[in-house]
Amino acid sequence: MNHVFMGRASLFAYRAVIFDLDGTLYYQKPFRKKMLLYLIKHFICHPSRVKDILIIKRYREVREKWESIERKAVENGLDLDSRQYTYVAKKMHTSPQRVQKAVQFFMLEAPLKLLPQFQDRVLAKTIEKLRKKGIIVAIYSDYPVTDKLKALGITADRCFTSADKEIGCMKPDPKGLAVILNTLGVDRKDAIMVGDRLEKDGMSAQRNQVDYLIVSPSPKERQKLKDILDYSERDTEKR
């Protein structure tokens with residue numbers, strides 16, 4: 001997949017660059033292969049937790065289709081995470097507490113030790129350069145970001161997730177990016193969204209009339225970004 005770029009020729013020409021995390025700041029495909037081996041070993045040692053992998057599978061499916069699911073009758077008066085835990089629990093005939101516990105361990109805690117080796121070093125270095133030049137770097141993810149960013153050794157100016165009280169919805173709902181722009185005090189024409197999924201990150205940007213860059217999942221294709229970003233940085237400095 002080629003990079004999809006809309007707008008200015010340089011990330012360094014914007015006031016704010018908003019990055020997705022999962023699949024963007026690290027290479028997701030090789031990470032998932034390594035994670036699968038970890039899960040196999042874990043379930044061999046803990047056979048009673050095999051159902052958890054089915055819970056996680058259903059949870060991922062629900063989140064992917066959440067925009068359409070939420071139009072149906074779901075639990076009201078709960079935050080986004082709780083609504084999703086409750087919905088999955090009903091489908092899996094278990095408790096929301098078990099869903100939450102499975103998600104917390106298998107999706108948020110267990111991956112942390114594996115993440116550093118799959119960091120996209122080009123984008124990590126770009127983030128450092130952007131911040132040194134006074135350009136705002138924000139992270140916007142459908143999942144919690146603080147611990148993952150720490151594991152990846154990446155520092156951002158601001159972090160946002162779909163579960164934030166002010167957002168409460170998932171990509172590509174336009175509300176999330178609109179809230180972020182308002183919080184940062186940045187006009188939509190001065191921001192760009194960088195992600196790995198056109199149907200999520202790109203669509204969130206499109207719905208807010210924000211420029212976007214979609215990066216390839218291929219490490220080989222990603223390496224081409226280095227020349228583009230290095231050139232765009234130098235070109236901006238000349239102006």
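For clarity, every value in this text was computed on a predicted model and none was experimentally measured.
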Response to the item:
CG of Asp147 to CG of Leu152, rounded to nearest 0.5 Å, is 11.0 Å
Worksheet item: Can any side-chain N or O of His46 pair as donor or acceptor with the backbone N or O of His42 at less than 3.5 Å?
Response: yes
Worksheet item: Can you tell me how far CG of Leu80 sits from SG of Cys169, rounded to the nearest 0.5 angstrom?
Response: 8.0 Å
Worksheet item: Does the side chain of Tyr27 reach to within under 4.5 Å of the side chain of Pro217, using non-hydrogen atoms?
Response: no
Item to complete: Decide yes or no for Arg131 and Thr155: does some side-chain heavy atom of the first lie under 4.5 Å from some side-chain heavy atom of the second?
Response: yes
Worksheet entry | Cluster link Leu36 to Ile44, ILVMFWY, side chain under 4.5 Å | yes
Worksheet item: Is it the case that one hydrophobic cluster holds both Leu11 and Ile154, taking links as side-chain heavy atoms less than 4.5 Å apart, direct or via other members?
Response: yes
Worksheet item: Would you say the side-chain atoms of Asp187 pair up with the backbone N or O of Lys189, donor to acceptor, closer than 3.5 Å?
Response: yes
Discussion item. Show, in sequence, the C-alpha distance, side-chain angles and deciding distance for Leu39 and Ile53, and conclude whether the side chain to side chain contact (heavy atoms under 4.5 Å, CB included) test is met.
Written reply: CA-CA 9 Å; Leu39 291 176; Ile53 198 63; 3.7 Å; yes
Item to complete: Any chance you could measure Leu177, atom CG, to Ser204, atom OG, to the nearest 0.5 Å?
Response: 6.5 Å
Fill in: Contact summary for Ala16 and Leu184, nearest pair of heavy atoms
CB-CD1, 4.3 Å
Discussion item. Glu67 and salt bridge (charged side-chain N to carboxylate O under 4.0 Å, His left out): which single residue from Lys171, Arg207, Lys200 fits?
Written reply: Arg207
Worksheet item: Is there a side chain to side chain contact (heavy atoms under 4.5 Å, CB included) between Phe12 and Val17 once you walk through the steps?
Response: CA-CA 9 Å; Phe12 295 87; Val17 183; over 6 Å; no
Fill in: Test item: Asp201 side-chain N/O and Arg197 main-chain N/O as donor-acceptor pair under 3.5 Å
yes
Worksheet item: Is there a donor-acceptor contact under 3.5 Å from the side chain of Ser68 to the main chain of Lys65?
Response: yes
Fill in: Side chain Asp190, main chain Arg15, donor-acceptor under 3.5 Å
no
Worksheet item: Quick one: CD1 on Ile214 to CD on Glu199, what's the gap to the nearest 0.5 Å?
Response: 8.5 Å
Discussion item. Can a donor-acceptor pair be found, under 3.5 Å and without considering hydrogens, that links the side chain of Arg158 to the backbone of Ala138?
Written reply: no
Discussion item. Taking the side chain as everything from C-beta on, heavy atoms only, tell me whether Gln28 gets closer than 4.5 Å to Phe118.
Written reply: no
Fill in: Spatial distance of atom CG (Asp157) from atom CD1 (Ile18) [nearest 0.5 Å]
11.5 Å
Fill in: In one Ile/Leu/Val/Met/Phe/Trp/Tyr side-chain cluster, 4.5 Å: Val210, Met203
no
Worksheet item: So do Leu213 and Met193 actually touch side chain to side chain, heavy atoms under 4.5 Å?
Response: no
Discussion item. Pairing donors with acceptors under 3.5 angstrom, does anything connect the side chains of Thr161 and Asp164?
Written reply: yes
Worksheet entry | Pairs where residues 99-120 contributes a residue and the test side chain to side chain donor-acceptor pair (under 3.5 Å) is met, not counting sequence neighbours | Lys34-Gln117, Gln104-Glu109, Asp120-Arg222
Practice prompt. Could you check Arg188 against Asn208 for side chain to side chain contact (heavy atoms under 4.5 Å, CB included), going step by step and ending with a plain yes or no?
Written response: CA-CA 7 Å; Arg188 62 177 180 240; Asn208 282 282; 5.6 Å; no
Worksheet item: Does a side-chain heavy-atom distance below 4.5 Å link Met170 with Gln84?
Response: yes
Item to complete: Of all the heavy-atom pairs spanning Ala151 and Pro116, show the shortest one and how long it is.
Response: O-CG, 3.2 Å
Worksheet item: Does one hydrophobic cluster hold both Phe31 and Phe105, with members joined at side-chain heavy-atom distances below 4.5 Å?
Response: yes
Worksheet item: Closest approach of Leu198 and Gln206, non-hydrogen atoms and distance?
Response: CD1-NE2, 4.3 Å
Discussion item. Quick check on the 6.0 Å ring-centre criterion: do Tyr140 and Phe19 meet it?
Written reply: no
Worksheet item: Hey, are the side chains of Val179 and Phe160 touching, using non-hydrogen atoms and a 4.5 Å cut-off?
Response: no
Worksheet entry | Atom pair NZ/CD of Lys91 and Glu61 - distance to nearest 0.5 Å | 11.5 Å
Worksheet item: With distance as the sole test, does Ser141 use its side chain to make a donor-acceptor pair with the main-chain N or O of Leu21 at under 3.5 Å?
Response: no
Worksheet entry | Partner set under side chain to side chain donor-acceptor pair (under 3.5 Å) for Tyr143, not counting sequence neighbours | Arg63
Worksheet item: Do the side chain of Lys51 and the main chain of Met92 share a donor and acceptor less than 3.5 angstrom apart?
Response: yes
Fill in: Considering all heavy atoms, the nearest Gly23-Asp196 contact
O-CB, 3.3 Å
Response to the item:
For Leu181 and Ala191 the tightest heavy-atom approach is CD2-CB, 3.6 Å
Worksheet item: Do the ring centers of Tyr59 and Phe106 come within less than 6.0 Å of each other?
Response: no
Practice prompt. Of all the heavy-atom pairs spanning Leu149 and Ala156, show the shortest one and how long it is.
Written response: CD1-CB, 4.4 Å
Discussion item. Is there a side-chain contact between Ile127 and Leu25 in this structure, where contact means two heavy atoms from C-beta onward sitting under 4.5 Å apart?
Written reply: yes
Worksheet item: Run the side chain to side chain contact (heavy atoms under 4.5 Å, CB included) check on Ile55 and Arg58 step by step: do they pass?
Response: CA-CA 5 Å; Ile55 291 173; Arg58 178 59 65 91; 6.0 Å; no
